[in-house]
Participant: 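Got a structure here, written out as structure tokens. Questions coming.
Start at 1 with the first residue, then count along the sequence.
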Amino acid sequence: MLNRRVDVSSSTDLTEEEATRYDRQMRLWGIEAQQRMRNATILVVRLRGVATEAIKNVVLAGIGKLIIVDGENVCEEDLGAGFFFRDGDVGLKRLNAAKSRIESLNPLVTVETITDSSISEEESLESIIKTVDLVCVTDWNRDGLIRMNEICRKHQKPFYAGGTYGLVGYIFCDLLSHEYLAPDRSAPADQPKTVKTTVTYTPLASAIRHRWSRLTKRQTKEINPALFFAILALWQFQSLHSNLPNDAKQANEIETISNSLISEADVNKQVLAKEPRNLIDSLSTTANHEFSPVCAIVGGMLAQDMLKSLGGREPPIANFFVFDGNTGGGTVCRMNMP
């Protein structure tokens, strides 16, 4: 293995092997962005379908170190969207089964796995969060996400959350005060074409209290708020019952929760007076299940956005993205951001 340092530029310190392996992507986002990724440590909590796709992409992109926390065993349901697992892995710890396959994607990335189930508690993770550059929590409940976000803010760590509920998926990010290079179309021909831009993010606890009254009818319709409130309703249901719905009989309760949230948020009634019943019926029976194509899309976008935030070259999601597998479309809403 080549480990001699090559003088790629004055601001980088990549090995020859790294310069060769990452040559194509460095042409896309630049050497400095690649260096920031290469020096970054990412913490991922829970290895399910969305995390599987996200991990694949950030490891191939060349981050420095990946720490994964998951204390659960592989079950048969994991085999659908979890392409790191094989039939013979059922009953084994997820991370014990997946680690060597993750490492084989890119031997230049250090992979650390933690299978102690007690570590997965939010408070126990704090000692790890202090040491990393970015935190990503997948397929977690709302209350746990809020607590994790608070810990990340305490230590000034960017926070991502993502997951799927059947054919619906989401990504949320709180990047604190984030700087990136934005196109400057007003710049003269002989001047730099980018300008440094700063965006202030808001924590999840504040984002979910977003009021929609400031949006016009057209703006509200373009965002498609039904998906956002469907996810918020599932989170509320999970908080009340400690699990997700898995029975058509629970649709009425989810509908009641969602419609209450819509009313409280001052959504334009001409666009969304109540949650569509077909969406509620679908989620009541599929929210507890993973669909590989949906996990692939949401996990791929999650990885792409984490790399954007590390590279600082493009604007990341601001700040809540939802995906509808029924239509193949997604939308982003700035929820309670300045």
Participant: Please answer whether the main-chain N or O of L47 pairs with a side-chain N or O of T138 as donor and acceptor at a distance below 3.5 Å.
Facilitator: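 A pair under 3.5 Å: no.
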Participant: Does this structure show an ion pair linking R94 with D70, if we count only N-O contacts that are shorter than 4.0 Å?
Facilitator: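 Salt bridge flag = yes for D70 with R94.
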Participant: Looking at T202, is its backbone amide N or carbonyl O close enough to the side chain of S206 to form a donor-acceptor pair, meaning the two atoms are under 3.5 Å apart?
Facilitator: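 The answer is no, because no donor-acceptor pair under 3.5 Å joins these two groups.
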Participant: Calculate, to the nearest 0.5 Å, the distance between atoms CG and CH2 belonging to D143 and W235 respectively.
Facilitator: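 So the gap between those two atoms works out to 10.0 Å.
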Participant: For the pair F237 and H241, name the ring-plane relationship: parallel under 30°, tilted 30 to 60°, perpendicular over 60°.
Facilitator: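 F237 vs H241 ring planes: tilted.
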Participant: Salt bridge check, R147 against E150: does any charged N sit closer than 4.0 Å to a carboxylate O?
Facilitator: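 No, this pair does not count.
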Participant: Please check this pair: side chain of N288 against backbone of L244, looking for a donor-acceptor N/O pair closer than 3.5 Å.
Facilitator: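 No: the side chain of N288 does not pair with the backbone of L244.
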Participant: Side-chain donor-acceptor pair under 3.5 Å between D324 and N326, yes or no?
Facilitator: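 Distance-only check passes for D324 and N326.
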Participant: Between A296 and E53, what is the shortest heavy-atom contact and its length?
Facilitator: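 Shortest heavy-atom contact: O-CG, 3.3 Å.
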Participant: So, taking the atom named CG in L134 and the one named CD1 in I42, what distance separates them when rounded to the nearest 0.5 Å?
Facilitator: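 Nearest 0.5 Å value for the CG-CD1 distance: 5.5 Å.
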Participant: Does D139 reach the main-chain N or O of G163 with its side chain, forming a donor-acceptor pair under 3.5 Å?
Facilitator: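 Absent.
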Participant: Is E72 salt-bridged to R48, cutoff N-O under 4.0 Å?
Facilitator: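 Looking at R48 together with E72, the answer is no, because their closest N to O distance does not fall below 4.0 Å.
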Participant: List the steps and the verdict of side-chain contact (heavy atoms from CB on, under 4.5 Å) for L66 and E112.
Facilitator: CA-CA 6 Å; L66 174 68; E112 179 182 334; over 6 Å; no
Participant: Under the rule for salt bridge (charged side-chain N to carboxylate O under 4.0 Å, His left out), what residues qualify as partners of R214, not counting sequence neighbours?
Facilitator: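 Partners of R214 by the salt bridge (charged side-chain N to carboxylate O under 4.0 Å, His left out) criterion come out as none, since no residue qualifies.
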Participant: Any donor-acceptor pair under 3.5 Å linking the side chain of S309 with the backbone of M306?
Facilitator: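 It does hold such a pair.
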Participant: Walk me through whether F323 and Y170 qualify under ring-ring contact (aromatic ring centres under 6.0 Å, His included).
Facilitator: CA-CA 6 Å; F323 175 75; Y170 79 93; over 10 Å; no
Participant: Can a donor-acceptor pair be found, under 3.5 Å and without considering hydrogens, that links the side chain of T131 to the backbone of I128?
Facilitator: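 Judged by distance alone, yes, a pair lies under 3.5 Å.
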Participant: Once rounded to the nearest 0.5 Å, what's the spacing between atom CE of M301 and atom CD1 of I171?
Facilitator: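 Going from the CE atom of M301 to the CD1 atom of I171 covers 5.5 Å.
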Participant: Between E126 and K130, is there a side-chain N and carboxylate O pair less than 4.0 Å apart?
Facilitator: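 Salt bridge flag = no for K130 with E126.
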Participant: May I ask you to check whether Q236 and R142 show a side-chain donor-acceptor distance below 3.5 Å?
Facilitator: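 Yes, because at least one side-chain N or O of Q236 sits under 3.5 Å from a partner of the opposite role on R142.
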Participant: Do you know the tightest heavy-atom contact between A81 and E290?
Facilitator: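 Closest heavy-atom pair between A81 and E290: CB-OE1, 4.0 Å.
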Participant: Is it true that a side-chain atom of K65 and a backbone atom of A40 form a donor plus acceptor pair closer than 3.5 Å?
Facilitator: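 The answer is no, because no donor-acceptor pair under 3.5 Å joins these two groups.
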Participant: When you measure from the side chain of Q250 to the backbone of N246, do you find a donor-acceptor pair of N or O atoms at a distance under 3.5 Å?
Facilitator: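 Present.
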Participant: For the pair R101 and D89, find out whether any cationic side-chain nitrogen is under 4.0 Å from an anionic carboxylate oxygen.
Facilitator: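 Yes, R101 and D89 are salt-bridged.
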Participant: Assess whether a salt bridge exists between R277 and D281, defined as any Lys/Arg side-chain N lying under 4.0 Å from an Asp/Glu carboxylate O.
Facilitator: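 Looking at R277 and D281, the cut-off is met.
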